[in-house]
*Asks:* 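Take this structure first; my questions come after.
These values consider heavy atoms only, across backbone and side chains, with no hydrogens, waters or symmetry-generated copies. Note that the structure is a prediction, hence the values are computed from the model and not measured.
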Amino acid sequence: MRQKALRLAAALLVLVLLTGCQGKPLPSGMEEEELLRHGLEAVLLLAGGSYEEVHELMREDVAAGATVEDIQNLVIEQTDGAGVYKQIESSMVTGQSSSGEEYGIAVFYCEYSKKNVLYRLAFDTNYELIGMEIKKQ
């Protein structure tokens with residue numbers, strides 16, 4: 001009985017926390033469909049091993065601080081053991097800001113043959129890639 005009560009309390013806590021989690025709006029001028037389109041392009045390039053093309057999507061100042069090999073190493077390290085890319089299961093967008101700059105984040109949950117992989121891709125308001133996070137789920 002006590003275990004059921006603890007499970008119920010934990011479930012209610014999760015529900016309350018999830019209800020409070022709401023993405024921020026995209027920066028002024030950014031459109032959800034356009035951000036998803038740019039994000040999808042980057043995910044497919046990353047999953048396909050086209051690291052040089054991903055580097056070309058980066059904003060000039062960001063690209064200057066990252067090499068094609070850096071991108072390749074990130075993808076290989078973070079997808080190691082996930083298997084082969086299959087498809088995108090779901091996606092979403094949210095707005096963020098840091099150091100006075102507003103940007104949009106396209107999030108993709110991707111199915112691989114062994115494990116799922118999360119891609120978070122940050123784009124400035126001109127839809128230039130300014131950051132990425134990749135991790136197995």
*Asks:* Would you call L36 and E32 a side-chain contact if the rule is heavy atoms closer than 4.5 Å?
*Replies:* yes

*Asks:* Rounded to the nearest 0.5 Å, how far apart are CD of E69 and CG of L74?
*Replies:* 13.0 Å

*Asks:* At their closest point, which heavy atom of A106 faces which heavy atom of V93, and how far apart are they?
*Replies:*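 Nearest pair, atom of A106 first, then V93: CA-CG1, 4.3 Å.
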
*Asks:* Ignoring hydrogens and angles, tell me if any N or O in the side chain of T94 forms a donor-acceptor pair with the backbone of K24 under 3.5 Å.
*Replies:* yes

*Asks:* When rounded to the nearest 0.5 angstrom, what is the spacing between CE in M30 and NE2 in H38?
*Replies:*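 Output value for this atom pair is 8.0 Å.
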
*Asks:* For residues 53-81, pull every pair meeting ring-ring contact (aromatic ring centres under 6.0 Å, His included), keeping only residues two or more places apart or in separate chains.
*Replies:* none

*Asks:* For C110 versus V43, what's the shortest heavy-atom pair and its separation?
*Replies:* SG-CG1, 3.9 Å

*Asks:* Can you list every pair that meets side chain to side chain donor-acceptor pair (under 3.5 Å) and has a residue in residues 42-52, with sequence neighbours left out?
*Replies:* none

*Asks:* Does the side-chain contact (heavy atoms from CB on, under 4.5 Å) test come out yes or no for L57 and L45, once each step is laid out?
*Replies:* CA-CA 10 Å; L57 297 176; L45 290 170; 3.9 Å; yes

*Asks:* I'd like to check the side chain to side chain contact (heavy atoms under 4.5 Å, CB included) partners of S113; sequence neighbours left out, ordered by chain and number.
*Replies:*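 Only V84, K86 meet the side chain to side chain contact (heavy atoms under 4.5 Å, CB included) criterion with S113.
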
*Asks:* Sequence neighbours left out, what passes salt bridge (charged side-chain N to carboxylate O under 4.0 Å, His left out) with E34? Give chain and number order.
*Replies:*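 Counting only residues at least two positions away or on another chain, E34 forms a salt bridge (charged side-chain N to carboxylate O under 4.0 Å, His left out) with R37.
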
*Asks:* For residues D70 and G65, report the shortest heavy-atom separation together with the two atoms involved.
*Replies:*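 In this case the closest contact between D70 and G65 is OD2-O, 4.3 Å.
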
*Asks:* Evaluate V54 against V75 for side-chain contact (heavy atoms from CB on, under 4.5 Å), listing each step before the verdict.
*Replies:* CA-CA 11 Å; V54 172; V75 173; over 6 Å; no

*Asks:* Mind running side-chain contact (heavy atoms from CB on, under 4.5 Å) on E89 and N116 for me, showing each step along the way?
*Replies:* CA-CA 9 Å; E89 293 182 333; N116 292 336; 3.5 Å; yes

*Asks:* Between G95 and L26, which heavy-atom pair has the shortest distance, and what is it?
*Replies:* N-CD2, 4.0 Å

*Asks:* Could you give the side-chain donor-acceptor pairs of residues 121-137 under 3.5 Å, partners two or more places apart or in another chain?
*Replies:*
residue, atom, partner, partner atom, Å
D124, OD1, N126, N, 2.9
D124, OD1, Y127, N, 3.1
D124, OD1, E128, N, 2.9
D124, OD2, R59, NH1, 3.3
Y127, OH, E31, N, 2.7
E133, OE1, R120, NE, 2.9
K136, NZ, D80, O, 2.4

*Asks:* Can you name the nearest heavy-atom pair linking L118 to Y109, along with the distance?
*Replies:* CD1-CE2, 3.4 Å

*Asks:* Under the side chain to side chain contact (heavy atoms under 4.5 Å, CB included) test, which residues partner Q87, sequence neighbours left out?
*Replies:* E111

*Asks:* Could you list the residues that satisfy side-chain hydrogen bond (donor to acceptor under 3.5 Å, both in side chains) with N73, not counting sequence neighbours?
*Replies:*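 side-chain hydrogen bond (donor to acceptor under 3.5 Å, both in side chains) check on N73 returns nothing, list empty.
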
*Asks:* Less than 4.5 Å apart, any side-chain heavy atom of Y103 and any of S98?
*Replies:* yes

*Asks:* Excluding sequence neighbours, so at least two apart, what forms ring-ring contact (aromatic ring centres under 6.0 Å, His included) with Y112?
*Replies:*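 By the ring-ring contact (aromatic ring centres under 6.0 Å, His included) rule, Y112 matches Y85.
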
